[in-house]
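Data first, discussion second: the structure below is written as structure tokens.
Ligands are counted one by one from 1 in listed order, and the atoms in each one are counted from 1 as well. Atoms considered below: every heavy atom in the structure, side chains included; atoms not considered: hydrogens, waters and symmetry mates.
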Amino acid sequence: TMASQGPRAPLEFGGPLAPGAAALMLLLPATMFHLLLVARSGPARLLGPPPYLPGLEELWSPRALLLWFAWLGLQAALYLLPAHKVAEGQELKDKSRLQYPINGFQALVLTALLLGLGVLAGLPLDALPEMLLPLAFAATLIAFIFSLLLYLKSQVAPASALAPGGNSGNPIYDFFMGRELNPRIHFLDFKYFCELRPGLIGWVLINLALLMQEAELRGSPSLAMWLVNGFQLLYVGDALWYEEAVLTTMDITHDGFGFMLVFGDLAWVPFTYSLQAQFLLHHPQALGLPMASAICLINAVGYYIFRGANSQKNTFRKNPSDPRVADLKTISTATGRQLLVSGWWGMVRHPNYLGDLIMALAWSLPCGASHLLPYFYLLYFTALLVHREARDERQCLQKYGLAWREYCQCVPYRIVPYIY
Ligand SMILES: NC(=O)C1=CN([C@@H]2O[C@H](COP(=O)(O)OP(=O)(O)OC[C@H]3O[C@@H](n4cnc5c(N)ncnc54)[C@H](OP(=O)(O)O)[C@@H]3O)[C@@H](O)[C@H]2O)C=CC1
Ligand SMILES: CC(C)CCC[C@@H](C)[C@H]1CC=C2C3=C(CC[C@@]21C)[C@@]1(C)CC[C@H](O)C(C)(C)[C@@H]1CC3
């Protein structure tokens, strides 16, 4: 029987048609391919036309598809290995809690070991950069097919399994946003797995391959390439070290798993988040030690704010009496949960976004100021977080009502103190 529609939320991204979900399903892959093509071109003009339009013979590669399936299989196997900890997710509508393995950092380390052994045995990792286009094409194909399978699976899911935002009744919109909240087969939770494993680890693998190819090309990797690789490996390592924290993010607790997140996880993250390293391979930048030191300081400040704010909130949510957060000022809410109104969360309402954006700036600066392309991530990410912050504000106002308004009066700025 058809599952009755679950609760309905306001339509995001302008709804199902242009400039909504349907447009984004074409625009996002097109933007990704544009970035991949421009990064390797001499002029590297972000706002100009791509240097050429690749033919299907350049995009389609059975070898790339096979590589993707092998990569997904490896990461799924590492995900299903015994975990040192199994965490419970947030309470669901039916009062149950799902279980999630906490073994992401272990998967990163094992992947590094396996790849290290592979390179010693002759695995041509430095050949990966030449395959970025067919690999991105394969990832996009997999994203569409996987999203279709998820959409079909959601048709037989009970209403309690549906996400608030992904069942408008419009197939295009629901395919894009995702109908089911936590699609899984036994212990393999597809949303949790895709968000933290193949794309995120694939991102730093692509970065490493680009660094290795620069060493082949120029004798040794540039300081700028080292910085970008180091900063982004820190970011991915941190995400996997604090993997359990993702269980309280809105993607896991609120959003359906549809094309937007499937494509975002499997294609957008590995192929557009590695843009700075791609740019540096084709556009070497001389970076002096004083500038490099200043950029390292900027990344350190961003990481300090990002980690400090995320850990403070997650610690507080886990145990408000924890000595590390017990003395912070709070606002009580009708739900029984409290809102932090001092510490990081008394500075602005999303201090973690501020730290993340500062790091995004530090990732771009090693690429110099001659091109806009390396700053694409900063521009995209600012738009993503501003949109995300607005979504979260709506959800928090709905959750907490007057208490949230009181919080907004105490903490008037959203992301940047005294600015926004
Ligand atoms: N690199 C990338 O592409 C992306 C990175 N990120 C990063 O992911 C991290 C998580 O971000 P995101 O998932 O958006 O959500 P957040 O971690 O910002 O969590 C938002 C939730 O935190 C709780 N909260 C908000 N204010 C307070 C307060 N004052 N006291 C206590 N709890 C509060 C509310 O949930 P409740 O009260 O229900 O607990 C709210 O819904 C961020 O650091 C962000 O930068 C996010 C998206 C993309
Ligand atoms: C326009 C895009 C295609 C829309 C897709 C957005 C996604 C790429 C992001 C949505 C939320 C994300 C998070 C992270 C990566 C990007 C996506 C999937 C995250 C895993 C990065 C590392 C962080 O430490 C985190 C807090 C774990 C992030 C969680 C949200």
Among all protein non-hydrogen atoms, which one is nearest to atom 1 (N) of ligand 1, and what is the separation to 0.1 Å?
Tyr235 OH, 2.8 Å
Kindly indicate whether atom 22 (C) of ligand 2 is approached by any protein heavy atom to under 4.0 angstrom.
yes
Using 4.0 Å as the upper bound for N to carboxylate O, is an ion pair formed by Arg307 and Asp238?
yes
For Tyr100, does the six-membered ring have the charged nitrogen or CZ of Arg184 within the cation-pi criterion, i.e. under 6.0 angstrom from the centroid and within 45° of the normal?
yes
From atom 28 (C) of ligand 2, is the closest protein heavy-atom distance below 4.0 Å?
no
Quick one: which ligand 1 atoms are inside 4.0 Å of a heavy atom on Tyr407?
29 (N)
Could you check atom 8 (O) of ligand 1 against the protein and tell me its nearest heavy-atom contact, residue, atom and distance included?
Asp356 OD2, 4.7 Å
Can you report which non-hydrogen protein atom sits closest to atom 36 (P) of ligand 1, along with the distance?
Arg337 NH1, 3.2 Å
With a 4.0 Å heavy-atom cut-off (strictly under), which part of Tyr377 contacts ligand 1: side chain, backbone, both or neither?
side chain
Checking Arg97 side chain against Gly89 main chain: does a donor-acceptor pair fall under 3.5 Å?
yes
Starting from atom 19 (O) of ligand 1, locate the nearest protein heavy atom and write down its residue, its atom name and how far away it is, to 0.1 Å.
Lys313 NZ, 3.1 Å
Looking only at protein heavy atoms, which one is nearest to atom 4 (C) of ligand 2, and how far off is it?
Met260 CG, 3.9 Å
When you check the side-chain N and O atoms of Trp404 and Gln398, is any donor under 3.5 Å from an acceptor?
no
Which of the atoms of ligand 1 are close to Leu384, meaning less than 4.0 Å from one of its heavy atoms?
48 (C)
Candidates Thr272, Leu357, Asn352, Val341; heavy atom nearest atom 10 (C) of ligand 1 found on Asn352
Please work out whether the ring planes of Phe193 and Tyr79 are parallel, tilted or perpendicular, with thresholds of 30° and 60°.
perpendicular
Establish, from distance only, whether the side-chain atoms of Ser168 and Asn170 form a donor-acceptor pair under 3.5 Å.
no
Part of Glu389 with heavy atoms under 4.0 Å of ligand 1, whether side chain, backbone, both or neither:
neither
Atoms in ligand 2 flagged as close to Val269, the criterion being non-hydrogen separation under 4.0 Å
8 (C), 16 (C)
Is Ala309 touching ligand 1 with its side chain, its backbone, both, or neither, if touching means heavy atoms under 4.0 Å apart?
neither
Here the atoms of ligand 1 under 4.0 Å from any heavy atom belonging to Met250 are 13 (O), 14 (O)
Which protein non-hydrogen atom lies closest to atom 28 (C) of ligand 1, naming both residue and atom, and how far is it?
Leu340 N, 3.6 Å
Under 4.0 Å to a heavy atom of Asp265 - the qualifying atoms of ligand 2, by number:
18 (C)
Does the Ser364 side chain pair with the main chain of Ala360, one donor and one acceptor, at a distance under 3.5 Å?
yes
Do the charged groups of Glu195 and Lys191 touch, with an N to O distance under 4.0 Å?
no
Does a donor on one side chain sit under 3.5 Å from an acceptor on the other, for Thr111 and Gln75?
yes
With a 4.5 Å cut-off on side-chain heavy atoms, are Leu36 and Phe271 touching?
yes
May I ask you to check whether Ser222 and Gln285 show a side-chain donor-acceptor distance below 3.5 Å?
no
Closer than 4.0 Å to some heavy atom of Arg388 - which atoms of ligand 2 meet that?
10 (C), 11 (C)
Establish, from distance only, whether the side-chain atoms of Asn103 and Arg197 form a donor-acceptor pair under 3.5 Å.
yes
Out of all atoms in ligand 2, which are within 4.0 Å of some heavy atom of Phe306? Include the element for each.
24 (O)
For Tyr400, the atoms of ligand 1 under 4.0 Å from one of its heavy atoms are 36 (P), 37 (O), 38 (O)
Who's the nearest protein heavy-atom neighbour of atom 1 (C) of ligand 2, and how far?
Leu28 CD2, 3.9 Å
Show which atoms of ligand 1 fall inside a sub-4.0 Å distance from at least one heavy-atom site of Arg388.
12 (P), 13 (O), 14 (O), 46 (C), 47 (C)
Does a side-chain N-to-carboxylate-O contact under 4.0 Å join Lys85 and Glu244?
yes
Quick one: look up the protein heavy atom nearest atom 39 (O) of ligand 1 and list residue, atom name and how far away it is.
Arg317 NE, 2.7 Å
Between Tyr418 and Tyr413, is the ring centre distance below 6.0 Å?
yes
Around atom 14 (C) of ligand 2, find the nearest protein heavy atom and jot down its residue, atom name and distance.
Glu195 OE2, 4.3 Å
Do you see a donor-acceptor pair shorter than 3.5 Å between the side chains of Tyr273 and Tyr380?
yes
What is the ring orientation for Phe137 with Phe33, classed by angle as parallel under 30°, tilted 30 to 60°, or perpendicular over 60°?
tilted
With atoms numbered from 1 as shown, which atoms in ligand 2 lie under 4.0 angstrom from a non-hydrogen atom of Asp251?
10 (C), 11 (C), 30 (C)
May I ask whether Leu339 places a heavy atom under 4.0 Å from ligand 1?
yes
Given that the side chain starts at C-beta and the backbone is N, CA, C, O, which of these parts of Asp392 lies under 4.0 Å from ligand 1, counting heavy atoms, or is it both or neither?
side chain
Atoms of ligand 1 less than 4.0 Å from His350 heavy atoms?
18 (O)
If we number the atoms of ligand 2 from 1 as shown, the ones under 4.0 Å from a heavy atom of Ala239 are 22 (C), 24 (O)
Is the shortest side-chain N to carboxylate O distance from Arg391 to Asp255 below 4.0 Å?
yes
Are any of the heavy atoms in Trp344 under 4.0 Å away from ligand 1?
no
In this structure, atom 43 (O) of ligand 1 is nearest to the protein heavy atom Asn310 ND2, 2.9 Å
Step by step, work out the salt bridge (charged side-chain N to carboxylate O under 4.0 Å, His left out) result for Asp251 and Arg388.
CA-CA 10 Å; Asp251 313 285; Arg388 196 176 175 91; 2.5 Å; yes
Sub-4.0 Å atoms of ligand 1 with respect to non-hydrogen atoms of Thr249
13 (O)
Proximity to ligand 1 by part of Lys399, non-hydrogen separation under 4.0 Å:
side chain
Check each atom of ligand 1 against the heavy atoms of Phe381 and keep those under 4.0 Å away; list them by number with element.
1 (N), 2 (C), 3 (O), 4 (C), 5 (C), 48 (C)
Are Phe190 and Phe146 an aromatic pair, judged by ring center distance below 6.0 Å?
yes
Please indicate, with yes or no, if any protein heavy atom is found under 4.0 Å from atom 25 (C) of ligand 2?
no
Is atom 26 (N) of ligand 1 less than 4.0 angstrom from some protein heavy atom?
yes
Indicate whether the side chain of Asn229 and that of Asn207 have a donor and an acceptor atom separated by less than 3.5 Å.
no
Close aromatic pair by centroid cut-off 6.0 Å: Tyr235 and Trp363
yes
Phe259/Phe144 aromatic ring centres below 6.0 Å:
yes
Within the protein, is there a heavy atom lying under 4.0 Å from atom 9 (C) of ligand 2?
no
closest protein heavy atom to atom 3 (O) of ligand 1 is Tyr273 OH, 2.5 Å
Does ligand 2 have a heavy atom under 4.0 Å from the side chain of Tyr242, from its backbone, from both, or from neither?
neither
